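Structure first, then comments.
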Amino acid sequence: MDLKTNQVSPVLTDPAPIKKSRLGMKSSLLQHSSTFIMIPRKKPGKFDDVRSNGWLDAMKSSSPPQKKLIKDFNVEVASDDTDIAYFSWMLKYPSALNFFEQITNYAKNKKIAMFLDYDGTLSPIVDDPDRALMSDDMRSAVRNVAKYFPTAIISGRSRDKVYDLVGLTELYYAGSHGMDIMGPLSHTVSDDPNCVESNDQQGKELNLFQPAREFLPLIDEVFRTLVENTKEIKGAKVENHKFCVSVHYRNVDEKNWPVVAQCVHDILKGYPRLRLTHGRKVLEVRPVIDWDKGKAVEFLLESLGLSDKNDVLPIYIGDDRTDEDAFKVLQGDNRGYGILVSPVPKETSAFYSLRNPEEVMKFLNTLVKWKKQEEAKCAIDSKRSM
Ligand SMILES: O=P(O)(O)OC[C@H]1O[C@H](O[C@H]2O[C@H](CO)[C@@H](O)[C@H](O)[C@H]2O)[C@H](O)[C@@H](O)[C@@H]1O
């Protein structure tokens, strides 16, 4: 198939709706009663495309500001209006730490499956994506969680990159927003032509699922074009994540954000089979296929033999817009818990919240401690009944 010349609409932007003219009409000829009023057509401005399609608004709102927390006797004190807004938002999305008992009451006699995003969830957000390292303490928290619950990392980064950063063999990894999954061997999913048997670094047999395989040459081509066309924009950085491309503008002067947006927009016009989504100060170019982090969660649950079961509780922890697809999947039919990591109020389909990666670590450690206690109780009970 010629992936460049398909009829699909050129770009789907993620968060912001396409703005029509105030009257919802595209034409500059507005009909009024039976007469026509001529409105002079405005000369197109340099960045009209990215202004009118909402990209710039989405870019401006794409990452919460960093805020200092005041601590007083271990109690966070509302320092300003932002804190008050956060606390009232938490009434709708309570802290998974404060509501830990409710979570474990529900999880009793259920099998928890843990899904974790990487950036902003396991590692703090930093200026240089290559320096987004997770702490050793976080690594050991994730390792312990994986001892007790099937655990997968689902990241926007390439699978290899996220594996290098996490470095744990006990987990499953899905890169490129779920378009590159190394999951358990399973007969129910292996019939799909995009699924092949493979081996991980340790030689363990696994299933490799890559639903956007045919897009590889196209992604590579667009990556090289983006690198070339953004090279004059100070601070812009382009990453190749195999099945998607990230264009970072975190380190670009805000006055040049329209230049970044327009550049990506112009390139995408030539690739109708690719689309744009927004992440935290990053524009993400990916194939127009019906696949996202939510679909990856469903795929992994199926591969693990944990799909459609009442005694399974999937938990997904993530911080970004792309994680919302996974939250929605868990929200549907009350299947499981999405936990949004955010220090500021955000519209979300998650059920609970955590403020930052430190709280994520605390949550994971508390979960492991609870599980150990449950197992110890079970062991005592079964001894008594012998
Ligand atoms: O799905 P994720 O694992 O959360 O990956 C999403 C993107 O994460 C990285 O970018 C983000 O984190 C960087 C490091 O803290 C930060 O500099 C950047 O502004 C954030 O957008 C990664 O570099 C992207 O390619 C991922 O798509």
Side-chain angles (χ1 to χ4, degrees), residues 14-15 58-66 114-135 138 142 151-168 171-181 219 222-223 226-227 230 235-254 257 260 264 275-287 291-297 300 316-327 338-343 346 348 350 354 356-358 360:
D14 202 35
M59 286 168 85
K60 281 181 190 148
S61 64
S62 80
S63 197
Q66 300 294 325
M114 182 62 76
F115 299 97
L116 300 163
D117 167 54
Y118 182 76
D119 288 278
T121 299
L122 299 181
S123 69
I125 292 293
V126 292
D127 284 347
D128 180 358
D130 295 332
R131 297 188 147 269
L133 307 177
M134 68 196 271
S135 66
M138 180 66 98
V142 175
T151 300
I153 309 269
I154 305 185
S155 172
R157 292 178 182 256
S158 75
R159 185 167 47 79
D160 287 349
K161 266 187 208 166
V162 78
Y163 173 75
D164 285 348
L165 289 163
V166 176
L168 295 171
L171 321 176
Y172 301 110
Y173 291 88
S176 312
H177 296 292
M179 286 180 282
D180 189 4
I181 305 179
I219 291 288
V222 88
F223 165 70
L226 281 163
V227 170
T230 56
K237 182 179 172 95
V238 185
E239 286 182 297
N240 187 342
H241 289 311
K242 196 163 182 171
F243 295 102
C244 52
V245 179
S246 296
V247 182
H248 292 273
Y249 56 92
R250 181 172 293 279
N251 302 319
V252 174
D253 193 321
E254 193 166 341
W257 290 3
V260 178
V264 177
R275 67 179 174 121
L276 182 101
T277 56
H278 295 264
R280 297 180 70 164
K281 301 239 188 304
V282 66
L283 300 175
E284 319 232 47
V285 175
R286 45 163 135 174
W291 199 265
D292 52 37
K293 288 187 173 189
K295 290 268 165 45
V297 167
L300 280 161
Y316 186 105
I317 313 183
D319 72 312
D320 210 344
R321 285 178 186 161
T322 57
D323 299 311
E324 291 294 328
D325 296 317
F327 296 152
I339 303 178
L340 175 71
V341 185
S342 177
K346 267 190 199 173
T348 179
L354 290 168
N356 48 37
E358 288 80 59
V360 172

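Just so you know, these numbers come straight off a predicted model, no measurement behind them. Both counts, for ligands and for their atoms, begin at 1 and track the order of listing.
Set against the non-hydrogen atoms of Glu284, the atoms of ligand 1 under 4.0 Å away are 27 (O). Atoms of ligand 1 lying under 4.0 Å from at least one heavy atom of Tyr118, given by number and element, are 3 (O). Below 4.0 Å from some heavy atom of Ser246 lie the following atoms of ligand 1, by number and element: 24 (C), 25 (O), 27 (O). Close contacts between ligand 1 and Val282 involve ligand atoms 21 (O) [criterion: under 4.0 Å to a heavy atom]. The contact set between ligand 1 and Arg157, taken as ligand atoms under 4.0 Å from a residue heavy atom, comprises 9 (C), 22 (C), 23 (O). Those atoms of ligand 1 with a heavy atom of Ala132 less than 4.0 angstrom away are 14 (C), 15 (O). Residue contact check: Asp127 has heavy atoms under 4.0 Å from atoms 17 (O) of ligand 1.
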| said: For Asp319 and Arg280: C-alpha separation, side-chain torsions, deciding distance, then whether salt bridge (Lys or Arg N to Asp or Glu O under 4.0 Å) applies. | reply: CA-CA 9 Å; Asp319 72 312; Arg280 297 180 70 164; 2.4 Å; yes
| said: Evaluate Ile219 against Val245 for side-chain contact (heavy atoms from CB on, under 4.5 Å), listing each step before the verdict. | reply: CA-CA 7 Å; Ile219 291 288; Val245 179; 3.7 Å; yes
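When heavy-atom distances to ligand 1 are checked against a 4.0 Å cut-off, Pro124 comes that close only through its backbone atoms N, CA, C and O. With a 4.0 Å heavy-atom cut-off, ligand 1 is reached by the side chain of His241 but not by its N, CA, C or O.
Partner of Ser246 under the side-chain hydrogen bond (donor to acceptor under 3.5 Å, both in side chains) criterion, out of Arg286, Arg157, Glu284: Glu284 alone.
The protein atom (non-hydrogen) at minimum distance from atom 19 (O) of ligand 1 is Arg250 NE, 2.5 Å. Counting protein heavy atoms only, atom 14 (C) of ligand 1 is closest to Val126 O, 3.4 Å. What sits closest to atom 8 (O) of ligand 1 on the protein, heavy atoms only, is Asp119 OD2, 3.0 Å. Given atom 3 (O) of ligand 1, the protein heavy atom at minimum distance is Ser155 OG, 2.7 Å. At the shortest separation from atom 10 (O) of ligand 1 among protein heavy atoms lies His248 CE1, 3.4 Å. For atom 23 (O) of ligand 1, the nearest non-hydrogen atom of the protein is Glu239 OE1, 2.7 Å. In this structure, atom 21 (O) of ligand 1 lies nearest to the protein heavy atom Arg280 O, 2.4 Å. Scanning all protein heavy atoms for the shortest distance to atom 2 (P) of ligand 1 gives Asp117 OD1, 2.9 Å.
The closest donor-acceptor contact from the side chain of Tyr249 to the backbone of Met59 lies under 3.5 Å. Between the side chain of Tyr118 and the main chain of Met134, a donor-acceptor pair closer than 3.5 Å is present. Of the possible donor and acceptor atoms, none in the side chain of Asp180 sits under 3.5 Å from a partner among the backbone N and O of Ser158.
In terms of polar-atom proximity, defined here as any N/O pair under 3.5 Å, Gly156 does make such a contact with ligand 1.
Across every non-hydrogen atom of Ala152 and Leu300, the tightest pair is CB-CD1, 3.8 Å. Heavy atoms only, all atoms of each residue included: Ser123 and Asp119 are closest at OG-CA, 3.7 Å. The two atoms that bring Pro357 and Gly120 nearest to each other are CG-O, 3.8 Å, heavy atoms only.
Using cut-offs of 30° and 60° for the angle between ring planes, the Phe115 and Tyr316 rings count as parallel.
Distances shorter than 4.0 angstrom occur between a heavy atom of Lys293 and an atom of ligand 1.
Considering each of Ile125, Thr322, Asp320, the one bringing a non-hydrogen atom nearest atom 6 (C) of ligand 1 is Asp320.
Residues Met114 and Val142 form no side-chain contact, since every pair of their non-hydrogen atoms from C-beta on lies 4.5 Å or further apart.
With salt bridges taken as basic N to acidic carboxylate O contacts below 4.0 Å, one links Asp323 and Lys293.
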